Amino acid sequence: MKINIPKVIVGVDMGEYAPELSGRVLQVWVNLPLDVLSEHLAMAAKMAPSLAESALTFEGDGQEGLLKWYAFVWSQGEIESHWTVDELKEIEEKDPAFLSWMIGATWEARKAHMDRKKKV
């Protein structure tokens, strides 16, 4: 039997970062395939020379490549929720802690998705 696994997109309430953002939702793709996860690992390795390097599809060095990767991961839901690298750079300029929170919330949402226990 063939199974087509859909993208699982989870909404994370930005109000968890600041009450003023309550109701705004970060759309996070949580069931990332291995090739997309490998891209993140490759970029992280490029930023940390002690790790092995590999070819990147999200071209760009260092932070630019990572911002492209996160913009891609956060742009899988409804079109209104899509992000651009320029928008992420603007957020970082205005409130670097918020971008860090978004990144952390992404990995927390992915972990929560992976940690789901079978309901009986």
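Just so you know, these numbers come straight off a predicted model, no measurement behind them.
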Looking at [X] and [Y], what are the two nearest heavy atoms and their distance?
| X | Y | result |
| --- | --- | --- |
| Tyr17 | Ala97 | OH-CB, 3.6 Å |
| Gln27 | Ile9 | OE1-CG2, 3.2 Å |
| Ala71 | Thr84 | CB-C, 4.3 Å |

State, with a plain yes or no, whether a side-chain heavy atom of [X] is found less than 4.5 Å away from one of [Y].
| X | Y | value |
| --- | --- | --- |
| Leu99 | Leu88 | yes |
| Ile103 | Tyr70 | yes |
| Trp83 | Met102 | yes |
| Phe98 | Met14 | yes |
| Trp29 | Trp74 | no |

Open item on the list: Counting the benzene-type ring for Trp, do His40 and Trp107 have ring centres under 6.0 Å apart?
Closed with: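 Yes.
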Task: side chain to side chain contact (heavy atoms under 4.5 Å, CB included) between Gln63 and Glu92, intermediate numbers included - done: CA-CA 11 Å; Gln63 184 181 12; Glu92 185 175 37; 2.5 Å; yes
When rounded to the nearest 0.5 angstrom, what is the spacing between [atom1] in [X] and [atom2] in [Y]?
| X | Y | atom1 | atom2 | result |
| --- | --- | --- | --- | --- |
| Glu39 | Leu32 | CD | CG | 12.0 Å |
| Asp115 | His113 | CG | NE2 | 10.0 Å |
| Ile91 | Ser100 | CD1 | OG | 11.5 Å |

Task: Sequence neighbours excluded - salt bridge (charged side-chain N to carboxylate O under 4.0 Å, His left out) pairs with any residue from residues 82-91 - done: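 Salt bridge (charged side-chain N to carboxylate O under 4.0 Å, His left out) check on residues 82-91 returns Glu64-Lys89, Glu90-Lys94.
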Would the distance check show the side chain of [X] and the main-chain N or O of [Y] forming a donor-acceptor pair, the cut-off being under 3.5 Å?
| X | Y | value |
| --- | --- | --- |
| Asp13 | Val25 | no |
| Ser81 | Glu78 | yes |
| Arg110 | Val30 | yes |

Task: Partners meeting side chain to side chain donor-acceptor pair (under 3.5 Å) with Trp101 (sequence neighbours left out) - done: none
Task: Contacts of Gln76 that satisfy side chain to side chain donor-acceptor pair (under 3.5 Å) - sequence neighbours left out - done: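 With sequence neighbours excluded, Gln76 shows a side chain to side chain donor-acceptor pair (under 3.5 Å) to Lys7, given in chain and number order.
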